[in-house]
J.: 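The following block contains the structure, expressed as C-alpha cells.
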Amino acid sequence: MKEKVKNILKILDEHYPNVRVALNYTNPLELLIATILSAQCTDERVNQITPYLFKKYPTAKDYATADLKTLEEDIKPTGFYKNKAKHIKECCQVLVEKYHGQVPANLEILTKLPGIGRKTANVVLGNAFDIPGIVVDTHVRRVAKRLGLTKHQDALKIEKDLMQLIPKEKWTKFSLQLTWHGRRICKARKPQCNKCPLHKWCDEYQKV
DNA sequence: CTCCCGATAT
DNA sequence: ATATCAGGAG
C-alpha cells in the first residue's frame, strides 16, 4: 500500500502540478461564501454570480444584515438557495458577533458555524490559510474508493484513512488533485479509464 | 435517512 | 426518466 500511495502521489504531481481551487476568491470570507454556494452546483455557476455578489456584500456584516429574500434572489442560480441564504446569513451573524467579522482559521470553530461542515471548513483552511486538511467531497470520495485507498463510504472515515496514508504537508494539494482528476477523468458516470494515468494502481480498473 | 434546488448529461 | 453536480441540517 505504501508503494502504491507513493506512485499515485507521483503521478498526480506529474499530471496536476499546479492545481488550484476553481472557485474565484480574493480573501477567506469570499472563499467561505463561494464554497457554501458550491454545494451540489458546478464551480462555473458559482463563479458566474460571485463577482456581483462579492461587490454587493464585501464584509461579513453585509451578509449578516442583508434582507433574506434579497440574498436568496442574489444566489438563486446556485440552487438550494433558501438553505444557502439562511446559512450564509446566520454564519456571518456569528462571525460578526463573536469573531470581529473575520473568518477563524480553526477547524473546530469553523465546523460549529451554521452551514459549515468539515468539507467547507477544510477547503477554507487549506486554501485561504495554508492549514493542511483532507477535503472529502463527492469526487474525493469516489476516486479514493475506486483507487482502493479506502473501503469506507462515510466522509469522516475516508478523511481519517487518507490522513493516515498521505503526508500531512500534501493533504490540501492531494485533495485538489483528486477532485480535479474526478472531474476530468474519473467521472461519476463515464470514467475515462483509457485516459487515466492512474489505472495501473486502480482497484476498480483491475476488476473490469 | 430526507429535504433543500435547478441545470445538464446520459 | 434518472443520476449527478466542490454539502449540510434536522
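Here is the naming used below: chain letters follow the sequence lines, and residue numbers restart at 1 for every chain. None of these values were measured; they are calculated from a predicted model.
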J.: Is a salt bridge present between A/D74 and A/K56, judged by a nitrogen-to-oxygen distance below 4.0 Å?
T.: yes
J.: If the cut-off is 4.0 Å, is A/S38 near the phosphate of C/dC5, judged by side-chain N/O to OP1 or OP2?
T.: no
J.: Distance check needed: C/dG8 C1' versus A/E90 CD, whole Å only.
T.: 12 Å
J.: Planes under 30° and centres closer than 5.5 Å, is that true for A/F80 with the base of B/dC5?
T.: no
J.: Distance check, P atoms only: C/dA1 and B/dC5, in whole angstrom units.
T.: 24 Å
J.: Side chains of A/V123 and A/T120, heavy atoms from C-beta outward: is any pair under 4.5 Å?
T.: no
J.: So A/Q164 and A/D161, do their side chains get closer than 4.5 Å, heavy atoms only?
T.: no
J.: Contact class for A/L37 (heavy atom, under 4.0 Å): base, sugar-phosphate, or nothing?
T.: nothing
J.: Can you check the A/K187 NZ to C/dT4 P distance for me, whole Å?
T.: 14 Å
J.: Measure the distance from NZ on A/K76 to P on B/dA7 and round it to the nearest whole Å.
T.: 10 Å
J.: Could you walk me through whether A/L95 and A/Q102 satisfy the side chain to side chain contact (heavy atoms under 4.5 Å, CB included) test, starting with their C-alpha distance in whole Å, then the side-chain angles of each, then the deciding distance to 0.1 Å, before giving a yes or no?
T.: CA-CA 6 Å; A/L95 289 184; A/Q102 299 300 116; over 6 Å; no
J.: Scan A/N7, A/L176, A/V19, A/L178 and name whichever one has a side-chain contact (heavy atoms from CB on, under 4.5 Å) with A/L12.
T.: A/L178
J.: Write down the distance separating the P atoms in B/dA7 and C/dG8, rounded off to the nearest Å.
T.: 23 Å
J.: Between A/T111 and A/V123, which has a closest nucleotide on DNA chain C that is more 5'?
T.: A/V123
J.: State whether A/H139 places a side-chain N or O below 4.0 Å from either non-bridging phosphate oxygen (OP1 or OP2) of C/dA6.
T.: yes
J.: Rounding to a whole Å, what distance do you find between A/R184:CZ and C/dA6:P?
T.: 11 Å
J.: Could you give the CD1-to-P distance, from A/I36 to C/dA6, as a whole number of Å?
T.: 17 Å
J.: Within the pair A/Q40 and B/dC5, is there a side-chain N or O less than 4.0 Å away from OP1 or OP2?
T.: no
J.: Can you check whether A/R183 has a side-chain N or O nearer than 4.0 Å to OP1 or OP2 of C/dT4?
T.: no
J.: NA contact type, A/T120, heavy-atom cut-off 4.0 Å: base, sugar-phosphate, or nothing?
T.: sugar-phosphate
J.: Name the closest nucleotide to the A/Y81 side chain, picking from B/dT10, B/dG6, C/dA6.
T.: B/dG6
J.: Grab the CZ-P distance between A/F174 and C/dA6 for me, whole Å please.
T.: 17 Å
J.: Find the distance A/N47:CG to C/dA6:P and express it as a whole number of Å.
T.: 12 Å
J.: Please state whether the phosphate of B/dA7, meaning OP1 or OP2, lies under 4.0 angstrom from any side-chain nitrogen or oxygen of A/R45.
T.: no
J.: Before accepting this row, confirm whether a basic side-chain N of the pair A/K82/A/E72 lies closer than 4.0 Å to the acidic partner's carboxylate O.
T.: no
J.: Rounding to an integer number of angstrom, what distance separates C/dA6 and B/dC3 when you compare their P atoms?
T.: 23 Å
J.: Side chain of A/R189 only, heavy atoms from C-beta on: which candidate in C/dA6, B/dA9, C/dG7 is closest?
T.: B/dA9
J.: Any side-chain N or O of A/T35 less than 4.0 Å from the OP1 or OP2 oxygen of C/dA6?
T.: no
J.: Can you tell me which nucleotide in C/dA6, C/dA3, C/dA9 comes closest to the side chain of A/V21?
T.: C/dA6
J.: Across the strands shown, which category fits A/A34 at heavy-atom distances under 4.0 angstrom: base, sugar-phosphate, nothing?
T.: nothing
J.: Hey, does A/L37 have a side-chain heavy atom less than 4.5 Å from the side chain of A/K84?
T.: yes
J.: Could you please name the option among C/dA6, B/dC5, C/dA9 that lies closest to any side-chain atom of A/K82?
T.: B/dC5
J.: Look at all strands and tell whether A/I116 reaches a base, only sugar-phosphate, or nothing, counting heavy atoms closer than 4.0 Å.
T.: sugar-phosphate
J.: Under 4.0 Å, heavy atoms only, any strand: does A/R142 hit a base, just the sugar-phosphate, or nothing?
T.: sugar-phosphate
J.: Side chain of A/N83 only, heavy atoms from C-beta on: which candidate in C/dG8, C/dC5, C/dA6 is closest?
T.: C/dG8
J.: Starting at CZ of A/R141 and ending at P of C/dC5, how long is that distance when rounded to a whole Å?
T.: 10 Å
